[in-house]
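Scroll down for the structure; my scribbles are underneath it.
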There are 4 protein chains.
Amino acid sequence: MTRDVVDPVTELWGDDLAPVARTLLTSAVHCFAKRGFTGTTTRDVSTGAGLSPAALYVHFRSKEDVLFEIARRGHLRALEALAVPGGTAGLDGPPARLRAVMSRFVAWHARHHVAARVCQYELSALSPEHLDEIVTIRREFPELFRSVITEGVDRGEFAPVDAGRVVRALLSLGVDLVRWYRPDGPDSPEQLGRFYADLAVSMVSAVPGPPAG
Amino acid sequence: MTRDVVDPVTELWGDDLAPVARTLLTSAVHCFAKRGFTGTTTRDVSTGAGLSPAALYVHFRSKEDVLFEIARRGHLRALEALAVPGGTAGLDGPPARLRAVMSRFVAWHARHHVAARVCQYELSALSPEHLDEIVTIRREFPELFRSVITEGVDRGEFAPVDAGRVVRALLSLGVDLVRWYRPDGPDSPEQLGRFYADLAVSMVSAVPGPPAG
Amino acid sequence: MTRDVVDPVTELWGDDLAPVARTLLTSAVHCFAKRGFTGTTTRDVSTGAGLSPAALYVHFRSKEDVLFEIARRGHLRALEALAVPGGTAGLDGPPARLRAVMSRFVAWHARHHVAARVCQYELSALSPEHLDEIVTIRREFPELFRSVITEGVDRGEFAPVDAGRVVRALLSLGVDLVRWYRPDGPDSPEQLGRFYADLAVSMVSAVPGPPAG
Amino acid sequence: MTRDVVDPVTELWGDDLAPVARTLLTSAVHCFAKRGFTGTTTRDVSTGAGLSPAALYVHFRSKEDVLFEIARRGHLRALEALAVPGGTAGLDGPPARLRAVMSRFVAWHARHHVAARVCQYELSALSPEHLDEIVTIRREFPELFRSVITEGVDRGEFAPVDAGRVVRALLSLGVDLVRWYRPDGPDSPEQLGRFYADLAVSMVSAVPGPPAG
DNA sequence: CATGAATGAGTATTCATTCAT
DNA sequence: AATGAATGAATACTCATTCAT
């Protein structure tokens with residue numbers, strides 16, 4: 001049951017990358033997360049990987065390219081985490097599906113809070129072309145949430161909420177946790193996921209509301 | 001009847017600062033929000049204020065000192081916005097008070113989303129001493145929310161929620177919106193505040209929940 | 001008998017200067033002596049005199065002009081100290097005159113070691129024209145020594161030494177002491193002057209020498 | 001039979017330094033000697049070595065570090081020049097040993113007058129730690145002279161002079177010459193050394209003195 | 001006379017990147 | 001593949017000097 005011995009950062013990179021390149025990306029994630037993209041030097045990244053400053057350029061075209069690889073692979077991995085094999089098809093109805101999507105989204109961001117910080121806060125350092133590519137992937141996330149919400153509303157299982165606003169709120173909860181989550185805190189990624197899934201459900205439930213007078 | 005002709009950034013600075021110093025802070029807020037602290041040059045800030053690069057040092061000790069002044073004044077202003085004169089004393093009960101605190105918190109962050117971005121995302125560039133000073137101010141925010149939540153729970157007007165987790169979620173919603181809020185979007189700061197106040201209330205309401213079986 | 005209560009630096013400036021200008025020169029001497037001309041800022045000089053940075057330019061044309069005034073007045077004062085009223089005319093013969101010149105030269109440099117350091121080590125920062133003016137004054141010093149030595153040699157009262165080389169050695173002794181002299185050391189300026197006068201005499205005395213074989 | 005084709009500055013650095021580092025030190029010596037440490041820019045040093053401004057930082061940590069290396073190596077070399085293999089052991093008695101030490105000290109300073117100027121006049125620009133290290137080395141020089149003088153006095157071969165004062169005078173003669181010595185002047189380093197050795201001997205010889213009455 | 005504000009020209013140092021080895 | 005050396009272009013900050021008040 002020792003599922004979690006793997007470093008949450010290292011497990012993000014695929015086999016298509018040379019081991020040294022993966023080491024560099026991992027070092028870059030830690031550097032970018034701590035000091036930001038502009039606050040990190042290529043020397044920081046290289047020496048963090050036990051290499052000379054020039055080594056980075058053997059594996060990547062530029063510092064920006066390193067960020068792009070992190071962002072691209074990070075976003076794809078997060079998407080995979082939501083669209084698990086079998087998906088939410090087997091889940092009976094919108095509430096269960098909302099719980100599933102929210103808890104997975106939150107748990108992934110908690111578990112990968114270091115890499116996710118880079119994916120959420122450093123995108124503005126990307127070149128326009130690279131940014132475009134990432135933005136295209138990112139559009140999937142609100143879409144996933146939106147489809148669940150609208151289905152629930154349409155079916156009458158959710159209160160008639162403004163889907164766009166609720167989706168933004170749900171995404172905010174998942175994204176902002178990379179700013180404050182600490183693995184040595186009280187909640188495991190999965191516990192936090194369950195709690196936030198409860199919040200999601202409460203957000204789409206009818207609320208007594210203030211006295212309508 | 002144009003409600004707000006004043007620039008939301010400029011109105012943050014007090015009369016104790018020379019006009020030129022205020023112009024510099026305003027320029028710095030826009031620069032830091034767009035490119036981050038390390039991605040901004042002192043030249044960017046100065047020329048953004050219509051001055052020579054050296055002028056910054058007539059009014060501030062260093063680039064970091066500029067950030068500190070923004071963070072200090074920004075946080076104090078945000079706190080003022082929550083603890084308005086008269087406060088929430090006249091409001092009848094926890095639900096109304098929760099609505100008041102949440103809507104003000106959210107509206108302030110939406111209205112001041114540019115400055116707030118700097119206050120939320122650039123603090124790690126502060127010196128340890130300056131960071132300490134800001135962190136001390138920041139502790140007030142969760143405290144304000146927590147007191148409302150616990151009172152509501154104690155009185156039985158809220159569901160028996162985990163106050164710490166709920167507070168973190170509420171703060172997250174307010175904070176993260178500085179990442180995506182655009183004033184030309186569909187919601188005014190006040191509208192967004194009301195929507196998020198509704199969400200806050202739903203979070204502390206008993207939820208039908210999944211059939212407890 | 002309280003002859004020496006006056007600050008040795010302040011007493012260098014004449015009545016033709018405004019009191020504030022004298023204060024600035026005094027501050028400049030201390031700054032230049034401690035950090036060198038290039039290592040001193042005009043701000044150092046001004047604030048050392050209790051004034052704002054701009055005040056310096058009310059009294060002097062430039063930082064270099066301050067150095068020039070120090071050098072000019074310093075050199076003239078040193079020259080005055082050697083050519084005392086009555087001079088060495090009343091002294092009977094070259095040995096007594098050599099003692100007089102050397103002891104005065106040394107005592108002046110010891111007493112004014114701070115200002116003298118500036119006069120000896122910072123001249124290269126002067127403009128060519130100003131340097132010329134100072135060099136012209138400086139030529140008097142070796143001349144004074146040389147005339148005493150050559151007279152002693154001609155009269156047969158001194159050994160047939162190479163006057164040029166001896167003069168350079170005597171000047172060196174007087175000049176270099178500004179590098180190490182401390183008023184709280186064992187020797188008063190006058191004591192040091194007497195000791196170096198003895199050395200001067202021994203330098204022009206016939207020495208047993210190494211066995212001429 | 002051209003005696004010295006090697007550049008007196010370049011020969012100071014050891015084989016442990018990369019050739020480029022030696023070139024930079026040589027350039028720095030010339031710059032520091034001419035314009036002083038604070039008056040020299042790192043650009044001056046680098047371009048004086050035929051390199052770009054950034055190249056200095058490939059080989060040295062800072063401008064101050066360059067000065068430290070010059071001072072450290074310069075002082076050690078000067079010490080070596082005095083304590084030659086075989087030393088003064090074979091020399092018969094204090095007078096010969098005094099001549100040897102003084103002439104070597106003077107000749108070294110004359111030959112290396114450019115580097116020595118930096119070693120003598122720019123030490124105040126060193127960091128406190130580096131200054132300490134140099135001061136420790138410097139203490140050897142007066143000690144070397146003092147031991148010769150006191151031995152001569154004790155044996156009765158020198159007049160009963162005040163060793164401390166005489167040592168300071170001898171060091172002054174050697175040090176101050178770096179201020180005025182020019183290789184194209186009348187004296188070669190060795191000639192000057194011999195002349196100053198004569199002066200040293202005369203300083204410790206009984207002098208007819210003024211009639212003791 | 002004195003100064004607070006302002007600035008053009010630096011000044012030490014850094015950094016992303018290249019390239020010969 | 002990896003690196004030590006090298007560099008052009010910054011980058012935060014300084015400084016001598018000016019000027020309106």
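Numbered from 1 within each chain, the chains take letters A, B, ... in sequence-line order. Quantities reported herein were computed from a predicted structural model and do not represent experimental measurements.
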(message) If I compare all heavy atoms of A49(C) with all of T23(C), which pair ends up nearest, and what's the gap?
(response) CB-CG2, 3.8 Å
(request) Please step through side-chain contact (heavy atoms from CB on, under 4.5 Å) for the pair L51(B) and L56(B), ending with a clear verdict. (result) CA-CA 8 Å; L51(B) 295 165; L56(B) 189 146; over 6 Å; no
(request) Check the angle between the aromatic planes of H130(C) and F68(C) and answer parallel, tilted or perpendicular using the 30° and 60° thresholds. (result) parallel
(request) Look only at the side chain of E64(B) and the backbone of S127(B), and say whether a donor-acceptor pair between them is shorter than 3.5 Å. (result) yes
(request) Go through the structure and list residues passing ring pair (Phe, Tyr, Trp, His ring centres under 6.0 Å) with F60(A), not counting sequence neighbours. (result) none
(message) Keeping K63(C) on the side-chain end and T40(C) on the backbone end, is there a donor-acceptor pair under 3.5 Å?
(response) yes
(request) Under 4.0 Å from any atom of DNA chain F, heavy atoms only: list the residues of residues 39-73 of chain D that qualify, in numerical order. (result) L51(D), S52(D), A54(D), A55(D), V58(D), H59(D)
(message) Show every salt bridge (charged side-chain N to carboxylate O under 4.0 Å, His left out) that has at least one partner inside residues 19-36 of chain A, sequence neighbours left out.
(response) R35(A)-D44(A)
(message) If the test is side-chain contact (heavy atoms from CB on, under 4.5 Å), which one of V66(A), L123(A), L67(A) qualifies with F37(A)?
(response) L67(A)
(message) A side-chain contact here means heavy atoms from C-beta on lying under 4.5 Å apart; do W13(D) and I70(D) qualify?
(response) yes
(request) Hey, could you give me the SG/CZ distance between C119(A) and R117(A), rounded to the nearest 0.5 Å? (result) 11.5 Å
(message) When you measure from the side chain of R77(B) to the backbone of E11(B), do you find a donor-acceptor pair of N or O atoms at a distance under 3.5 Å?
(response) yes
(message) Near DNA chain E, counting only heavy atoms under 4.0 Å, which residues of residues 13-22 of chain D show up?
(response) none
(request) Provide the start and end nucleotides, 5' to 3', of the part of DNA chain F that has atoms under 4.0 Å from heavy atoms of chain A. (result) dA1(F) to dG4(F)
(message) Nearest 0.5 angstrom please: T136(A) OG1 to H75(A) NE2, how far?
(response) 11.0 Å
(message) Dot-bracket, 5' to 3', for DNA chain F please: Watson-Crick or G-U pairs under 3.5 Å, [ ] where pairs cross earlier ones, | where the partner sits on another strand, dots elsewhere.
(response) .||||||||||||||||||||
